[in-house]
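We count residues from 1, following the sequence as given. Note: hydrogens, waters and symmetry copies are ignored here, and every other heavy atom, side chains too, is used.
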Amino acid sequence: MEKLNKYIEHTLLKQDASKADLLRIFDEAKKYDFLGVCINPCYVKLAKENLKDANVKVVTVIGFPLGANKTETKVFETKEAVKDGADEIDMVINVTKLKDDEKDFVVNEIKEIKSACNGHNLKVIIETDLLTKDEIVRACKYAIEGGADFVKTSTGFVKGGVGAKAEDVKLMYDTVKDAGLKVKASGGIRDKEAALAMINAGASRLGTSSGVKIVS
């Protein structure tokens, strides 16, 4: 297994995060050599500037946290994020369209956003807290068909939600592994034990705001 720090996308997506908070997570990402930081789109330029000499990816979120924006809006957001220097894009699936099994809509939206990524990795956040096991599998299959690079468990914004669960990560991994996609576990990963459980279930990325605690 790679060192634990190289699984971690050090995450700060809070609505009330201050600039000082953001600068702190950039410094921590450099200090602990995390794989990346995950921040809201308006801070991509700030992250890129602060991490320009570091081997840390800048990851941002699209259609966050509800996924219910129009596809054109998500595509525009993606293009802007890439222009600002984002290395990877985490998009939120349209959960209603998924639950209603509007396959063409879901697959085409993923395709359009992947195209706007301009070669960068696209992760599809499927929001496992809101889905049945069958819907998790369906979402993963649509992500494969749409050309995504990863499926991701959660935004961490579902009220009363658990976030990443090892059983869901394993289900996702088993569904996408043969197609070459990877799994990012995110939401509620607060200690080393939880982090290792996600990795053992098949996650190759961890989105967490507790990265320092996990590696310390």
Side-chain angles (χ1 to χ4, degrees), residues 9 13 36 38 40-41 44 57 59-84 86-158 161 163-165 167-187 198 201-207:
E9 293 179 17
L13 296 166
C38 185
N40 280 305
V44 169
K57 292 178 185 291
V59 183
T60 196
V61 289
I62 297 300
F64 196 84
L66 301 179
N69 313 51
K70 288 178 70 173
T71 298
E72 295 88 339
T73 306
K74 288 177 168 175
V75 168
F76 176 78
E77 258 193 302
T78 302
K79 288 177 177 174
E80 287 295 298
V82 170
K83 195 160 64 176
D84 286 346
D87 298 303
E88 296 191 352
I89 298 294
D90 292 15
M91 66 162 278
V92 187
I93 206 165
N94 187 313
V95 176
T96 301
K97 299 286 191 185
L98 176 73
K99 283 186 160 291
D100 287 343
D101 202 16
E102 293 189 33
K103 177 183 176 179
D104 289 347
F105 180 95
V106 176
V107 171
N108 287 333
E109 180 170 90
I110 295 167
K111 281 181 178 174
E112 287 193 41
I113 294 170
K114 175 59 184 174
S115 178
C117 286
N118 201 22
H120 297 287
N121 276 343
L122 174 65
K123 308 189 197 83
V124 176
I125 306 172
I126 65 172
E127 204 67 280
T128 48
D129 276 319
L130 301 177
L131 305 181
T132 65
K133 301 303 183 200
D134 285 346
E135 287 167 344
I136 289 171
V137 171
R138 189 196 302 161
C140 289
K141 287 179 176 175
Y142 292 174
I144 293 167
E145 210 169 318
D149 303 283
F150 282 75
V151 283
K152 175 178 167 180
T153 56
S154 322
T155 60
F157 276 69
V158 174
K165 291 192 288 200
E167 65 185 284
D168 291 341
V169 169
K170 183 173 191 319
L171 180 61
M172 293 163 70
Y173 175 73
D174 288 343
T175 306
V176 304
K177 64 182 178 184
D178 291 341
L181 277 71
K182 296 176 180 176
V183 179
K184 177 177 172 180
S186 183
M198 298 304 158
S204 20
R205 295 285 184 88
L206 304 173

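Counting only distance, with no hydrogens or angles, the side chain of T153 and the backbone of S186 share a donor-acceptor pair below 3.5 Å. In this structure, K74 contributes its side chain and V92 its backbone to a donor-acceptor pair below 3.5 Å. Using modelled atom types, no side-chain atom of D87 and backbone atom of V59 make a donor-acceptor pair closer than 3.5 Å.
Closest approach of V44 and A86 over heavy atoms only: CG1-N, 3.5 Å. Listed here is the closest heavy atom pair of L181 and A148: CG-O, 3.4 Å. Closest approach of M198 to A164, counting heavy atoms only: CE-O, 3.4 Å. Closest approach of A203 to V169, counting heavy atoms only: N-CG1, 3.7 Å. The two residues V183 and G202 come nearest to each other via the heavy atoms CB-O, 4.1 Å.
Applying the side-chain hydrogen bond (donor to acceptor under 3.5 Å, both in side chains) rule to pairs touching residues 117-127 yields E9-K123, E88-N121, E88-K123, D90-K123, E127-T155, sequence neighbours excluded.
In this structure, the separation between CD on E109 and CD on E72 is 9.0 Å, given to the nearest 0.5 Å. One distance of note links CD1 of I93 with SG of C140; it measures 8.5 Å at 0.5 Å rounding. Interatomic distance, OG1 of T60 versus CG of D84, reported as 9.0 Å (0.5 Å rounding). Interatomic distance, CE of M91 versus SG of C117, reported as 9.0 Å (0.5 Å rounding). To the nearest 0.5 Å, atom CG of residue D104 and atom OH of residue Y142 are 8.5 Å apart. How far CG of D149 is from CD1 of I89: 11.5 Å, rounded to the nearest 0.5 Å.
Annotation: side chain to side chain donor-acceptor pair (under 3.5 Å) contacts of K182 (sequence neighbours excluded): none. Residues satisfying the ring pair (Phe, Tyr, Trp, His ring centres under 6.0 Å) test with Y173, not counting sequence neighbours, are none. Under the side chain to side chain donor-acceptor pair (under 3.5 Å) criterion, D129 pairs with no residue at all, not counting sequence neighbours. The salt bridge (charged side-chain N to carboxylate O under 4.0 Å, His left out) test applied to K99 returns E135, not counting sequence neighbours. Not counting sequence neighbours, F105 has no partner by the ring pair (Phe, Tyr, Trp, His ring centres under 6.0 Å) test. In this view, N40 and L13, Y43, V61, F64 satisfy the side-chain contact (heavy atoms from CB on, under 4.5 Å) rule, not counting sequence neighbours. Under the salt bridge (charged side-chain N to carboxylate O under 4.0 Å, His left out) criterion, E112 pairs with no residue at all, not counting sequence neighbours. Applying the side-chain contact (heavy atoms from CB on, under 4.5 Å) criterion to S115, with sequence neighbours excluded, gives no partner residue. Every residue two or more places apart in sequence or in another chain was checked for a side chain to side chain donor-acceptor pair (under 3.5 Å) with T175, and none qualifies. Shown here are the salt bridge (charged side-chain N to carboxylate O under 4.0 Å, His left out) partners of K170, two or more places apart in sequence or in another chain: D174. Annotation: side chain to side chain donor-acceptor pair (under 3.5 Å) contacts of N108 (sequence neighbours excluded): none.
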Criterion side chain to side chain contact (heavy atoms under 4.5 Å, CB included) on K184 and C38, from CA distance to verdict: CA-CA 12 Å; K184 177 177 172 180; C38 185; 4.2 Å; yes

Test log, rule side chain to side chain contact (heavy atoms under 4.5 Å, CB included), inputs L171 and V137: CA-CA 7 Å; L171 180 61; V137 171; 3.7 Å; yes

Criterion salt bridge (Lys or Arg N to Asp or Glu O under 4.0 Å) on K103 and E145, from CA distance to verdict: CA-CA 10 Å; K103 177 183 176 179; E145 210 169 318; 3.3 Å; yes

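Put simply, the side chain of P41 does not reach to within 4.5 Å of the side chain of E80, judged on heavy atoms. Counting heavy atoms from C-beta on, the side chains of D168 and L131 never come closer than 4.5 Å. Counting heavy atoms from C-beta outward, V176 and I144 have side chains that approach closer than 4.5 Å. Residues M172 and I126 form a side-chain contact, since some pair of their non-hydrogen atoms from C-beta on lies under 4.5 Å apart. Between I113 and E77, every side-chain heavy-atom pair lies at or beyond the 4.5 Å cut-off.
Summarising the local packing, NZ of K133 is surrounded by more than 12 heavy atoms from other residues, nucleotides or ligands at distances under 6.0 Å.
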